[in-house]
Structures are given as structure tokens and as C-alpha cells.
Amino acid sequence: MSSEQNPALDAEAAAVEGPRPRRLTYAAVLAALEGVGLVAGGLWVLVLGVTGDPDDRQQAVTLGITLVVLALLPLLAARGLLLRRGWSRGPAVITQIMALPVAYTLLQADSMAIPAGIAIAVIAVAALVLLVNSETTRALGIKGPGRAE
């Protein structure tokens, strides 16, 4: 059914086409920040694995490559959020949920990892709050349960 036949589609398109809410932009920035952090960490581990003297060079290289590949999820989600694609909220939420156990593990460490754990936890919780906000949901054109018309 086209938008000419269904005026509800025109109203939905107009709601999505308005100015991008700040909360959506902030959520995209936080997701991109996480992606950049994963790329930086992955490249750091990769370079140390190749040039340094790790216990297991293959394991270090594998971890570095894995972190860089994992960075694609939040980076693609951030791009989708900026472009107001409804599909992008799922990967962004998944990224935040995956970050929480990492933050918890870092907080349990007895080292300099504790500030990193705090930063990751704060970013993940803030991004989750921004992503589930009703303004963000409307801007992405996501309908709640029982509202699929």
C-alpha cells in the first residue's frame, strides 16, 4: 500500500523526516566512540603482538583482529543512528549490553583497569538510556508493541 493510499504513512514519514533529536545524535556519538575505542585497542594489541615479545604471538594477533572486526558493529550502528535507520537501534543496544560485563570485569581488577571499567560502564548506561528513550524511538520510526498498523 503506498503513502497515497494510506495517510498514516505520510504522518510517519513526516515524523521521521523532522530534525534529528539531540538524544539520537548523542547515542550515535557514544556508539561511534565505542567503535573507535575498539579499533584503537585492536590495533594496539595487533602492533604489540607483531612487534613485541608476547607470550603467544598468534593469540595476540587473533585478539587484535577480532577487536577490529568487532568494532564494525558499533560503527555501523552509529552510522545508522545518524541516518535515522530503525534497524540501527538493535546493534547499538547489543553493543551496550556487551559492554556492561566488560566494564564489570575491569571494575573487579586490582589495577589501572578500574578507571577504564568506570568509563565503559558510564558510556554503556548513558547510551542505553538514550537508545530506549521515546523521543529516539519515534525519530527512528520504531513502533512499540501493539502499535504496528
Peer 1: Passes side chain to side chain contact (heavy atoms under 4.5 Å, CB included), V125 versus L100? Steps please.
Peer 2: CA-CA 8 Å; V125 170; L100 290 174; 4.0 Å; yes

Peer 1: If two hydrophobic side chains count as joined below 4.5 Å and joins carry through other members, does I123 share a cluster with Y104?
Peer 2: no

Peer 1: If I take atom CD1 from residue I142 and atom OG1 from residue T136, how far apart are they, to the nearest 0.5 angstrom?
Peer 2: 9.0 Å

Peer 1: Linking I/L/V/M/F/W/Y whenever their side-chain heavy atoms sit closer than 4.5 Å, directly or via other members, would V39 and V36 fall into one cluster?
Peer 2: yes

Peer 1: Taking the side chain as C-beta and beyond, is there a heavy-atom pair between L24 and L140 under 4.5 Å?
Peer 2: yes

Peer 1: Checking T25 against R20: is there a side-chain donor and acceptor pair closer than 3.5 Å?
Peer 2: yes

Peer 1: Filter on side-chain hydrogen bond (donor to acceptor under 3.5 Å, both in side chains), then keep only pairs touching residues 85-101, sequence neighbours left out; what's left?
Peer 2: E34-Q96, R89-T137

Peer 1: So, for S111 and P115, which heavy atoms are closest and what is the spacing to 0.1 Å?
Peer 2: O-CD, 4.5 Å

Peer 1: Above 12 or not: heavy atoms from other molecules or residues under 6.0 Å from CD of Q59?
Peer 2: no

Peer 1: Do you know which two heavy atoms are closest between L81 and A92, and how far apart they sit?
Peer 2: CD1-CB, 4.0 Å

Peer 1: Does Q108 CD have over 12 foreign heavy atoms under 6.0 Å away?
Peer 2: yes

Peer 1: Taking all non-hydrogen atoms of both residues, which atom of L131 and which atom of A27 are closest, and how far apart?
Peer 2: CD2-CB, 3.8 Å

Peer 1: Is any side-chain heavy atom of P91 less than 4.5 Å from a side-chain heavy atom of L76?
Peer 2: no

Peer 1: For the residue pair L38 and L72, establish whether any side-chain heavy-atom pair is separated by less than 4.5 Å.
Peer 2: no

Peer 1: Tell me the closest heavy-atom pair linking A103 and I120, and the distance in Å.
Peer 2: CB-CG2, 3.8 Å

Peer 1: For the residue pair L130 and L30, establish whether any side-chain heavy-atom pair is separated by less than 4.5 Å.
Peer 2: yes

Peer 1: Looking at L107 and G117, what are the two nearest heavy atoms and their distance?
Peer 2: CD2-C, 3.9 Å

Peer 1: Count I, L, V, M, F, W, Y as connected when their side-chain heavy atoms are under 4.5 Å apart, and connections chain through other members. Are L75 and L43 then in the same cluster?
Peer 2: yes

Peer 1: Measuring from atom CG of L106 to atom CE of M112, what distance do you get when rounded to the nearest 0.5 angstrom?
Peer 2: 12.5 Å

Peer 1: Identify the two heavy atoms, one from A32 and one from A78, that lie closest to each other, and give their separation to 0.1 Å.
Peer 2: N-CB, 3.6 Å

Peer 1: Any link between V50 and I65 through a network of hydrophobic side chains (Ile, Leu, Val, Met, Phe, Trp, Tyr) touching at under 4.5 Å?
Peer 2: yes

Peer 1: How many angstroms lie between CH2 in W44 and CG in L63, if you round to the nearest 0.5 Å?
Peer 2: 10.0 Å

Peer 1: Under 4.5 Å between any side-chain heavy atoms of V68 and L46, yes or no?
Peer 2: no

